Amino acid sequence: MVDLHTHSTASDGSLTPTELVRLAKARGLAAIALTDHDTVDGLAEAMAAGQAYGLEVIPGVEISAQHTQGSMHILGYWVNYESPRLAERLAVLQEARRNRNPRIIAQLNALGIPLTLEEVQRLSGGGQVGRPHIARALYEGGYVRSLQEAFDIYLGNQGKAYVSKFRYPPGEAIAMIREAGGLAVLAHPFTLGLDTYGSLKPFLKELMILGLVGLECYYPEHTLSQEALYVSLARELGLLITGGSDFHGDNKPEVDLGRCPCQARLTYDLVAAMKDRRQGKGTQGR
Ligand code: AMP
Ligand code: FE
Ligand code: FE
Ligand code: ZN
């Protein structure tokens, strides 16, 4: 079994890359991909831990992209995490997130919640600070009853303290991944708000022209009918099928590493097909 969507303290997960690899090994997984939001900072440590513990680790990233409704995330697999060009382009997104945090805190202060950026930073584990850490601070301060409530009331895009941030257009996010040698895969398509065959197919075809090669069909929040739609579209269009739990440790307590309703479909075959594609094999409809 494999898990191709995980986060560490380099973004908004609660385990360090080494702890994540150790847990994956203990769970008996055959491979994991570390796919932190808008950063490759955890990858060197994760690869070293993979060597040390004898676990295959795929260096990945998850990049937020512009999308009119809902949200769009593009996963990159086997990105060259030492690429200066990639680092430069990710730094723009990191700065956007960094600039937004004090503005969210100011909104919360205006709503009568006396949270400080320092308190939030303390909860981040040393990597990037983002909304999940603010959610944790709200929870630990007793202002909300769960992390989900923090998003529902304050931090989500309908929340009272929501502040938007810069995102690259999809083509730019895909190009960043491709130019760093990676495979670009559309993450958790259910967040796009395009759940019919007729609306999703042309959308995917446009992304394929931009260089998309895969679709994350297996994801804890996908219903069986969504999963069936995504799998059939992936097969029809010749997109790789991927999947993962989107593990964030304690920052997303309802999800566990390698464990989700779709876990039986998360087999090493997915990775084998991705590797074939990397080597230029199997590019025609699978
Ligand atoms: P940020 O990078 O600061 O914009 O935070 C984005 C992260 O917050 C996502 O990757 C999720 O982990 C989490 N998140 C965003 N929206 C929600 C939501 N509505 N409910 C729960 N978690 C969310
Ligand atoms: Fe996240
Ligand atoms: Fe995501
Ligand atoms: Zn994710």
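Since we're looking at a predicted model, the values are computed, not measured. Just follow the structure's listing: the first ligand is 1, and inside any ligand the first atom is 1. Heavy atoms only: backbone and side chains are in, while hydrogens, waters and symmetry mates are out.
- Within the 2.8 Å limit, Glu62 places no N, O or S atom next to the Fe ion (ligand 2).
- Considering Arg167, Arg97, Arg89 as possible partners of Asp38, the one that fulfils the salt bridge (Lys or Arg N to Asp or Glu O under 4.0 Å) test is Arg97.
- Checked by distance only, ligand 1 and Arg100 come closer than 3.5 Å through their nitrogen or oxygen atoms.
- Side-chain atoms of Asn251 come within 3.5 Å of backbone N or O of Asp12 as a donor-acceptor pair.
- Checking Glu216 against His73 by side-chain atom types alone, no donor-acceptor pair falls below 3.5 Å.
- Angle subtended at the Fe ion (ligand 3) by His188 NE2 and His73 ND1: 90°, rounded to 10 degrees.
- Distances from the Fe ion (ligand 3) show that His5 has no N/O/S atom below 2.8 Å.
- In this structure, atom 11 (C) of ligand 1 lies nearest to the protein heavy atom Asp12 OD2, 4.1 Å.
- The pair Arg27-Asp256 meets the salt-bridge criterion, with a side-chain N (NZ, NE, NH1 or NH2) lying under 4.0 Å from an Asp/Glu carboxylate O.
- With hydrogens left out, the protein atom closest to atom 20 (N) of ligand 1 is Gln148 NE2, 3.2 Å, a heavy atom.
- Between His7 and His37, the ring planes are parallel. Angles under 30° get that label, and only those over 60° would be called perpendicular.
- Those atoms of ligand 1 that come under 4.0 Å of a heavy atom in His248, given as number and element, are 12 (O).
- Of all atoms in ligand 1, listed by their number and element, those nearer than 4.0 Å to a heavy atom of Gly130 are 3 (O).
- Between the Fe ion (ligand 2) and the N, O or S atoms of Asp12, the shortest distance is to OD2.
- Under a 3.5 Å cut-off, the side chain of Gln279 and the backbone N or O of Asp276 do not form any donor-acceptor pair.
- Draw a line from the Fe ion (ligand 2) to NE2 of His248 and another to NE2 of His37, and the angle between them is 120° (to 10°).
- For ligand 1, one of its N or O atoms has an N or O atom of Arg131 under 3.5 Å away.
- With Glu45 contributing its side chain and Thr18 its backbone, the two residues share a donor-acceptor pair below 3.5 Å.
- Taking the six-membered ring where the residue is Trp, His188 and Phe190 present perpendicular rings, their angle passing 60° and hence far from 30°.
- Using modelled atom types and a 3.5 Å distance limit, the side chains of Glu56 and Tyr268 yield a donor-acceptor pair.
- Looking at Glu254, Gln94, Arg97 and measuring to atom 2 (O) of ligand 1, the nearest heavy atom belongs to Arg97.
- Of the protein's non-hydrogen atoms, Phe151 CD2, 3.2 Å is the one closest to atom 17 (C) of ligand 1.
- Using a 4.0 Å cut-off to heavy atoms of Lys165, the atoms of ligand 1 that qualify are 4 (O).
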